[in-house]
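These values consider heavy atoms only, across backbone and side chains, with no hydrogens, waters or symmetry-generated copies.
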Amino acid sequence: MAAKVYAIANQKGGVGKSTTCQVLAAGLHDRGKKVLLIDLDPQSNLSTLCMAVTDAQKRDVVTILEVLTEENTLSEGIQHKDKYDIVPASMFLASIDGRLPDQISRPYKLAEAIKTISKQYDYIIVDTPPALGTLTVNAIIAADYVLIPAQADILSLQGVSQLYSTMQAARKHANKGLKIAGIILTRYNGRTNLSKDIATLFDSAAGTMKTKVFESRIRENTALKEAQSKGVDIFSYDKNCNAAKDYKALIDEIFGGEK
Ligand SMILES: Nc1ncnc2c1ncn2[C@@H]1O[C@H](COP(=O)(O)OP(=O)(O)O)[C@@H](O)[C@H]1O
Ligand SMILES: [Mg+2]
């Protein structure tokens with residue numbers, strides 16, 4: 001069976017996209033699933049979190065850039081880690097439009113590459129940059145599902161509605177089966193009335209998008225940063241901290257029903 005492909009997207013930065021990718025991969029591994037992470041962000045944060053080798057450290061390493069430009073296959077870009085595999089990003093991904101001169105095929109490169117290895121994994125999780133350009137569009141066209149991490153603030157809400165327009169266009173022209181799995185409220189502080197008010201606004205935005213806000217919210221928790229600085233996933237770092245509990249509940253909610 002082909003892997004289920006999840007794109008983690010929101011063109012706002014700092015909302016927990018890369019963190020969520022890495023934690024979902026670790027959590028799915030702990031449930032016995034085989035996971036591939038793909039880093040599509042020139043900032044390479046996910047590659048760093050997973051301690052992958054990037055072209056900043058080793059010039060001739062195969063990254064997702066060489067895969068998109070078809071100089072290498074996706075298989076050649078895969079690095080094996082303890083809990084999951086990862087294809088790292090390149091700092092040169094920012095120049096992707098210049099590297100892919102054919103505008104017609106440009107948005108389909110990732111989808112085509114994923115087809116070649118998709119039977120080897122249960123899940124493929126794609127991290128995206130904080131922009132709605134070629135890279136995020138490639139992720140949305142390659143995806144079965146989009147997951148939208150968002151902080152409970154008004155600018156984050158604006159980002160979600162812009163992303164929705166892009167997903168609607170993808171559905172119409174390129175990826176009819178695309179589903180919005182839901183919105184994940186991240187870095188949440190439920191003690192403030194503001195967070196609660198905004199959560200209500202997100203619920204209504206989700207209704208418009210015919211999706212939902214996941215009940216499991218990810219609280220702001222410094223343990224995540226500590227785990228990241230030590231290079232371990234949150235479940236190995238401290239399975240009883242708030243972030244580990246919240247992400248575990250989220251994984252049950254997203255993937256619970258799946259075999
Ligand atoms: N729930 C959380 N609690 C505390 N810090 C978090 C949480 N989620 C993410 N962070 C931190 O916030 C910053 C941005 O997160 P990141 O995952 O890189 O977001 P994005 O990929 O959307 O830019 C990082 O320093 C990360 O460690
Ligand atoms: Mg990121």
Side-chain angles (χ1 to χ4, degrees), residues 4 6-10 12-37 39 45-46 48-51 81-86 121-128 145-153 156-157 160 180-203 205-206 211-259:
K4 294 201 171 74
Y6 281 77
I8 315 290
N10 184 338
K12 191 144 178 354
V15 297
K17 289 184 290 296
S18 303
T19 299
T20 298
C21 286
Q22 196 250 352
V23 176
L24 293 187
L28 284 167
H29 162 86
D30 293 348
R31 292 166 149 235
K33 303 294 182 191
K34 188 147 192 253
V35 185
L36 175 68
L37 287 169
D39 189 354
N45 290 160
L46 179 64
T48 304
L49 289 180
C50 299
M51 301 209 291
K81 299 286 151 193
D82 285 350
K83 292 198 171 185
Y84 38 69
D85 291 353
I86 176 164
Y121 294 93
D122 297 309
Y123 292 99
I124 297 174
I125 301 176
V126 185
D127 193 19
T128 62
Y145 301 92
V146 178
L147 279 169
I148 311 171
Q151 252 176 292
D153 68 44
S156 210
L157 186 62
V160 170
I180 307 172
I183 298 171
I184 307 167
L185 286 181
T186 56
R187 315 192 62 180
Y188 191 75
N189 181 352
R191 281 176 301 215
T192 68
N193 284 332
L194 185 64
S195 277
K196 286 180 190 152
D197 289 349
I198 306 256
T200 311
L201 290 179
F202 270 98
D203 275 330
T211 186
K212 61 180 172 187
V213 180
F214 290 107
E215 276 173 35
S216 329
R217 294 166 179 170
I218 312 299
R219 285 169 283 186
E220 181 79 21
N221 185 341
T222 50
L224 268 174
K225 286 189 199 234
E226 291 162 13
Q228 289 174 349
S229 67
K230 291 192 158 57
V232 294
D233 68 87
I234 193 68
F235 305 112
S236 308
Y237 179 73
D238 177 3
K239 66 177 178 3
N240 296 314
C241 70
N242 285 345
K245 286 187 198 152
D246 293 349
Y247 269 112
K248 185 177 178 306
L250 179 72
I251 291 169
D252 286 343
E253 202 178 339
I254 302 175
F255 304 102
E258 292 180 16
K259 286 275 163 348

Decide side-chain hydrogen bond (donor to acceptor under 3.5 Å, both in side chains) for Tyr121 and Asp85; before the verdict, give the C-alpha distance in whole Å, the side-chain angles of both, and the deciding distance to 0.1 Å. CA-CA 10 Å; Tyr121 294 93; Asp85 291 353; 2.7 Å; yes
For Leu224 and Tyr247, what are the C-alpha separation, side-chain angles and deciding distance, and is it a side-chain contact (heavy atoms from CB on, under 4.5 Å)? CA-CA 11 Å; Leu224 268 174; Tyr247 269 112; 4.2 Å; yes
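In terms of heavy-atom proximity, Thr20 sits nearest to Gly16 at OG1-O, 2.6 Å. Closest approach of Val15 and Ala150 over heavy atoms only: CB-CA, 4.2 Å. Across all their heavy atoms, Asp153 and Ile198 have their closest contact at N-CG2, 3.8 Å. Nearest heavy atoms, Ala244 versus Ile234: N-CG1, 3.9 Å. Residues Thr186 and Pro149 share a closest heavy-atom pair of CG2-CB, 3.9 Å. In terms of heavy-atom proximity, Ile183 sits nearest to Phe202 at CG2-CD2, 4.0 Å.
Side-chain atoms of Lys248 never come within 3.5 Å of backbone atoms of Gly27 as a donor-acceptor pair (strictly under, hydrogens ignored). Within the 3.5 Å criterion, the main-chain N or O of Val23 finds no donor-acceptor partner in the side chain of Asp233. Looking only at distances, a side-chain donor or acceptor of Lys17 sits under 3.5 Å from a matching main-chain atom of Asn10. Checked by atom type and distance alone, the side chain of Thr211 pairs as donor or acceptor with a backbone atom of Ile180 at under 3.5 Å. Formation of a donor-acceptor pair under 3.5 Å by the Glu253 side chain with backbone atoms of Ser216 is found in this model.
Here Asp82 contributes atom CG and His29 contributes atom NE2; the two are 8.0 Å apart, rounded to the nearest 0.5 Å. Between atom CD1 of residue Ile218 and atom CZ of residue Arg187 there is a gap of 12.5 Å, rounded to the nearest 0.5 Å. Of the inter-residue distances, the one linking Lys245 atom NZ with Lys239 atom NZ reads 10.5 Å to the nearest 0.5 angstrom. The distance from the CG atom of Asp39 to the OG1 atom of Thr128 is 9.5 Å, given to the nearest 0.5 Å. Here Cys50 contributes atom SG and Ile86 contributes atom CD1; the two are 4.0 Å apart, rounded to the nearest 0.5 Å. Note: Cys241 SG to Asn221 CG = 5.0 Å, rounded to the nearest 0.5 Å.
A 4.5 Å side-chain heavy-atom check between Ile254 and Tyr145 finds every atom pair outside the cut-off. The closest side-chain heavy-atom distance from Ser236 to Lys83 is below 4.5 Å. Looking at heavy atoms from C-beta onward, Leu24 lies out of side-chain contact with Tyr123 at the 4.5 angstrom threshold. The closest side-chain heavy-atom distance from Glu220 to Asn189 is not below 4.5 Å. Between Leu28 and Tyr84, the closest side-chain pair of non-hydrogen atoms is not below 4.5 Å.
Evaluated for a side-chain contact (heavy atoms from CB on, under 4.5 Å) with Leu147, the options Ile8, Ile125, Leu250 yield exactly one hit, Ile8.
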